[in-house]
Undergrad: 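Below you will find the structure I want to go over with you.
Just so it is clear, the structure is predicted and the values come from calculations on it, not from any experiment.
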Amino acid sequence: MNTYWKQASEEEAAYYRTVDLPAGKLHVYASDALYAELPNKVFEMANNNLLIPHAAYMSYTPDVHVGVGTCIGTTAVWKASEGYVSPSIIGNDIGCGMRVHVTNMHRNELKDVKVRRKLMRAMEKYVPVETHARGHFSDIRLEHILTKGVHGLPKKYVPDIYTPKKTTSFTHVECSKFHFDAAVLDLMPEAAWHRAHRQLGTLGSGNHFAEVQAVELDERNREVAEAWGLFDGQVIVMLHSGSRAWGGAVNQHGTKAIADWMRASGKGTPDPRLLFAPLGHAAADTYVHLMYSALNYAVVNRHLMAYGVREAFRDVFGTQVELRTLYDLMHNYAWEEQHDGERMFVHRKGATRSLPPQHPDNPKPYMDTGHPALIPGSMGSASYLMVGREGGAANYYSICHGAGRIRSRSATKQLVSVDEFAASLRIGTEEEVVVNQKTLDSIIDESPQAYKDVEQIIDSVVGAGLADVVAVCKPLATLKGA
């Protein structure tokens with residue numbers, strides 16, 4: 001795959017380098033400035049990951065930062081025929097990802113800060129944000145959505161199903177249904193089923209959010225943007241959430257057999273938190289099937305959050321408001337992909353797949369343009385809609401998944417004041433980014449000062465020739481869990 005760099009321009013190569021580690025080669029996509037700031041720990045963790053047998057490829061995106069067992073911002077690849085699965089290179093929040101819905105509204109309709117606050121109150125009503133909040137979907141059968149994805153939802157929760165020519169709920173997603181052996185679900189305890197059912201359609205805490213944004217098209221890709229149905233000033237909603245308690249339970253109960261296999265076979269690395277097992281082994285295959293159930297849950301959870309947001313918009317602005325699905329994608333997962341005619345098992349932990357036009361894995365509506373890659377910024381900063389380029393093949397079409405944390409939550413609370421956070425949200429001005437939380441102190445660990453500069457991240461992705469910017473999305477109001 002690295003043959004691409006023999007043909008890359010000098011400018012693109014400036015955003016890419018290889019690092020020869022004792023266990024193998026690490027590919028890093030980052031500007032000189034971002035690369036210089038990477039701590040030694042990320043290279044130590046990469047070396048541990050490369051100790052997993054038969055690793056074919058491993059890379060970091062520019063938002064890379066230290067995680068548990070594996071850095072967030074990792075793409076790790078094995079041949080499917082001799083592959084391994086690593087829960088550590090997927091992450092605890094399996095299927096965590098992004099979703100964007102586009103409206104037929106202009107930002108001028110949200111110019112009044114009082115209107116934005118009213119909308120936030122309505123959104124909080126329909127999308128619960130408290131840690132132990134119960135969702136509003138008790139009539140949904142959990143086993144249906146675990147096994148069928150969005151196709152397992154009752155019709156009333158798929159509003160566009162009654163207008164087939166306009167339906168986007170099934171077609172404008174990275175994957176609407178993951179197939180797996182449902183017998184593995186019997187391994188999950190009753191408590192996990194109960195908690196996951198309660199949490200359907202809820203936001204979660206940490207860096208999860210539901211944000212109302214205004215679109216600014218990039219002139220260089222205006223044609224692509226308009227093909228996607230975007231226009232300047234358009235109001236959109238960006239959602240970030242995952243598999244909630246179900247994903248956590250899969251990691252708790254689905255990885256025990258992997259840990260047992262590692263102990264029995266004497267396999268391991270210097271990091272005891274780095275788990276892995278060979279595909280084809282019962283422990284690995286059981287985890288993979290359970291992981292797919294969590295991916296189904298995550299996609300449905302974001303769909304139901306968007307359903308709640310749609311209800312909130314209609315409460316505030318009337319039933320003429322439309323919220324069409326632009327795209328839904330994941331950034332914590334592993335699955336098989338075909339690259340250069342060979343089946344590969346690709347892990348992405350905090351990395352986004354971004355395909356160029358005409359790539360056969362594009363959903364049909366996006367075959368001619370490439371699908372939207374949804375990249376959030378930090379609170380108060382812009383987010384981005386991007387599209388993949390052919391050069392992305394060098395990195396298995398992986399790009400960043402956000403800004404990337406540079407400070408721990410505890411460090412951020414010690415170093416950043418509420419006044420600094422308020423200033424970044426432009427509190428008290430007409431441009432205020434309205435937040436649902438009564439006090440900023442409760443979410444200060446999510447302030448932009450905790451993250452890298454997302455503009456530098458995007459600059460590295462574009463500079464490396466992996467993807468291009470289609471639109472910049474400016475925040476208007478943000479729903480957060482404490």
Undergrad: Distance check, rounded to the nearest 0.5 Å: L274 atom CG versus M45 atom CE?
TA: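 Atom-to-atom, L274:CG and M45:CE are 8.0 Å apart.
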
Undergrad: Check side-chain contact (heavy atoms from CB on, under 4.5 Å) between P372 and all other residues, then give those that pass, not counting sequence neighbours.
TA: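 Checked P372 against side-chain contact (heavy atoms from CB on, under 4.5 Å); matches are W228, L326, Y327, Y366, L374.
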
Undergrad: Taking Q199 for the side chain and G135 for the main chain, is one N or O donor matched with an acceptor at less than 3.5 Å?
TA: no

Undergrad: I'd like to know whether the aromatic ring centres of H240 and H401 sit less than 6.0 Å apart in this structure.
TA: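 Distance test on ring centres: not under 6.0 Å, no.
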
Undergrad: Is it the case that atom CZ in R17 sees more than 12 heavy atoms from other parts of the structure closer than 6.0 Å?
TA: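 Yes, CZ of R17 has more than 12 neighbouring heavy atoms, counting only those of other groups under 6.0 Å.
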
Undergrad: Could you check whether any side-chain heavy atom of T369 comes within less than 4.5 Å of a side-chain heavy atom of V470, counting everything from C-beta outward?
TA: no

Undergrad: Could you list the residues that satisfy salt bridge (Lys or Arg N to Asp or Glu O under 4.0 Å) with E82, not counting sequence neighbours?
TA: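 E82: no salt bridge (Lys or Arg N to Asp or Glu O under 4.0 Å) contacts found.
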
Undergrad: Looking at residues at least two apart in the chain, or sitting in another chain, which of them share a side chain to side chain donor-acceptor pair (under 3.5 Å) with R409?
TA: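 With neighbours one apart ignored, the set is D445, E446.
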
Undergrad: For I94, does its backbone N or O pair with a side-chain atom of S243 as donor and acceptor, under 3.5 Å?
TA: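 It does hold such a pair.
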
Undergrad: Could you work out, with side chain to side chain donor-acceptor pair (under 3.5 Å) as the rule, every residue matching N332, not counting sequence neighbours?
TA: none

Undergrad: According to salt bridge (Lys or Arg N to Asp or Glu O under 4.0 Å), who are the partners of K79, at least two apart in sequence or on a separate chain?
TA: E342

Undergrad: Counting only N and O atoms by type, is there a donor-acceptor contact under 3.5 Å from the side chain of N301 to the main-chain atoms of L203?
TA: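 Pair absent, no side-chain N/O of N301 close to backbone of L203.
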
Undergrad: Just verifying a value: how many Å separate N48 CG and T269 OG1, rounded to the nearest 0.5 Å?
TA: 4.5 Å

Undergrad: With N362, which residues qualify under side chain to side chain donor-acceptor pair (under 3.5 Å), at least two apart?
TA: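 Side chain to side chain donor-acceptor pair (under 3.5 Å) list for N362, sorted by chain: empty.
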
Undergrad: Working to the nearest 0.5 Å, report the span between CZ of R302 and CE of M238.
TA: 12.0 Å

Undergrad: Does any part of the side chain of L230, heavy atoms only, come nearer than 4.5 Å to the side chain of L385, both counted from C-beta?
TA: yes

Undergrad: Decide yes or no on side chain to side chain donor-acceptor pair (under 3.5 Å) for Y15 and D459, but give the supporting numbers first.
TA: CA-CA 9 Å; Y15 292 91; D459 177 66; 3.2 Å; yes

Undergrad: Is there side-chain contact between Q338 and D361, with at least one heavy-atom pair below 4.5 Å?
TA: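 No - every pair of side-chain heavy atoms lies 4.5 Å or more apart.
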
Undergrad: So does I89 get a backbone contact from the side chain of T74, meaning a donor-acceptor N/O pair under 3.5 Å?
TA: no

Undergrad: Not counting sequence neighbours, which residues clear salt bridge (Lys or Arg N to Asp or Glu O under 4.0 Å) with D441? List them please.
TA: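 Partners of D441 under the salt bridge (Lys or Arg N to Asp or Glu O under 4.0 Å) test: none.
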
Undergrad: Taking salt bridge (Lys or Arg N to Asp or Glu O under 4.0 Å) as the cut-off, I'd like each qualifying pair that reaches into residues 241-259, sequence neighbours left out, listed once.
TA: none

Undergrad: Report yes if some heavy atom in the side chain of Y333 is under 4.5 Å from a heavy atom in the side chain of R353; otherwise report no.
TA: yes

Undergrad: Can you measure from CZ (F209) to CG (N436) and round to the nearest 0.5 angstrom?
TA: 13.0 Å

Undergrad: Looking only at the aromatic ring of each residue, does the gap between the centers of H347 and F345 stay below 6.0 angstrom?
TA: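 Yes, the ring of F345 comes within the 6.0 Å limit of the ring of H347, centre to centre.
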
Undergrad: With side chains defined as the heavy atoms from C-beta onward, is the minimum distance between H339 and Y397 less than 4.5 Å?
TA: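 Contact flag for H339/Y397 side chains = yes.
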
Undergrad: Is it the case that the side chain of H65 and the backbone of D63 share a donor-acceptor pair, with hydrogens and angles ignored and the cut-off at 3.5 Å?
TA: yes

Undergrad: Counting N and O atoms only, with roles assigned by atom type, does the side chain of K452 sit under 3.5 Å from a partner on the main chain of I406, one being a donor and the other an acceptor?
TA: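 Side chain of K452 to backbone of I406, a donor-acceptor pair under 3.5 Å: no, none is there.
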
Undergrad: Kindly say whether L34 contributes a backbone atom to a donor-acceptor pair with the side chain of S31 at under 3.5 angstrom?
TA: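 Yes, the answer is positive, given that a donor and an acceptor are paired below the 3.5 Å cut-off.
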
Undergrad: Is any side-chain heavy atom of F276 less than 4.5 Å from a side-chain heavy atom of V85?
TA: no

Undergrad: Looking at S205 and G481, would you say the former's side chain and the latter's main chain have a donor-acceptor pair under 3.5 Å?
TA: no

Undergrad: Kindly compute the distance separating CG (L440) from NZ (K480), expressed to the nearest 0.5 Å.
TA: 12.0 Å

Undergrad: Under 3.5 Å, is there a donor on one side chain and an acceptor on the other for T352 and S354?
TA: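 On atom types as modelled, these side chains do not qualify, holding no pair under 3.5 Å.
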
Undergrad: Considering residues, nucleotides and ligands other than R116, do more than 12 of their heavy atoms fall under 6.0 Å from its CZ?
TA: yes

Undergrad: Only counting residues at least two apart or in another chain, list the ones meeting salt bridge (Lys or Arg N to Asp or Glu O under 4.0 Å) with K41.
TA: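 E44.
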
Undergrad: Run the side chain to side chain contact (heavy atoms under 4.5 Å, CB included) test on L295 and C175 for me, step by step, so that the C-alpha distance in whole Å, both residues' side-chain angles and the decisive distance to 0.1 Å come before the verdict.
TA: CA-CA 9 Å; L295 295 180; C175 185; over 6 Å; no

Undergrad: Between S383 and G377, is there a donor-acceptor pair closer than 3.5 Å when you use the side chain of the first and the backbone of the second?
TA: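 The answer is yes, because a donor-acceptor pair under 3.5 Å joins these two groups.
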
Undergrad: With the side chain counted from C-beta on, respond yes when M386 and V461 share a heavy-atom pair under 4.5 Å apart, and no when they do not.
TA: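 Of all side-chain heavy-atom pairs linking V461 with M386, at least one is under 4.5 Å.
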
Undergrad: Just wondering, do N92 and V68 contact through their side chains at under 4.5 Å, heavy atoms?
TA: no

Undergrad: Got a sec, which pairs hit side-chain hydrogen bond (donor to acceptor under 3.5 Å, both in side chains) with one end in residues 283-294, sequence neighbours left out?
TA: W246-S293

Undergrad: Tell me, please, which residues at least two apart from E420 pass side-chain contact (heavy atoms from CB on, under 4.5 Å).
TA: V416, S417, Q449

Undergrad: Is atom NZ of K474 surrounded by more than 12 heavy atoms (other residues, nucleotides or ligands) closer than 6.0 Å?
TA: no

Undergrad: For D20, is the CG atom crowded, meaning more than 12 foreign heavy atoms sit under 6.0 Å from it?
TA: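 Enclosed.
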
Undergrad: Let me confirm one number: the CD1-CD distance from I427 to E432, rounded to the nearest 0.5 Å.
TA: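 Here the interatomic distance stands at 4.0 Å.
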
Undergrad: Sequence neighbours left out, what passes side chain to side chain donor-acceptor pair (under 3.5 Å) with N207? Give chain and number order.
TA: none

Undergrad: Quick one: sort the Y57 and H27 rings into parallel, tilted or perpendicular, breaks at 30° and 60°.
TA: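 The arrangement is parallel - the two ring planes meet at less than 30°.
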
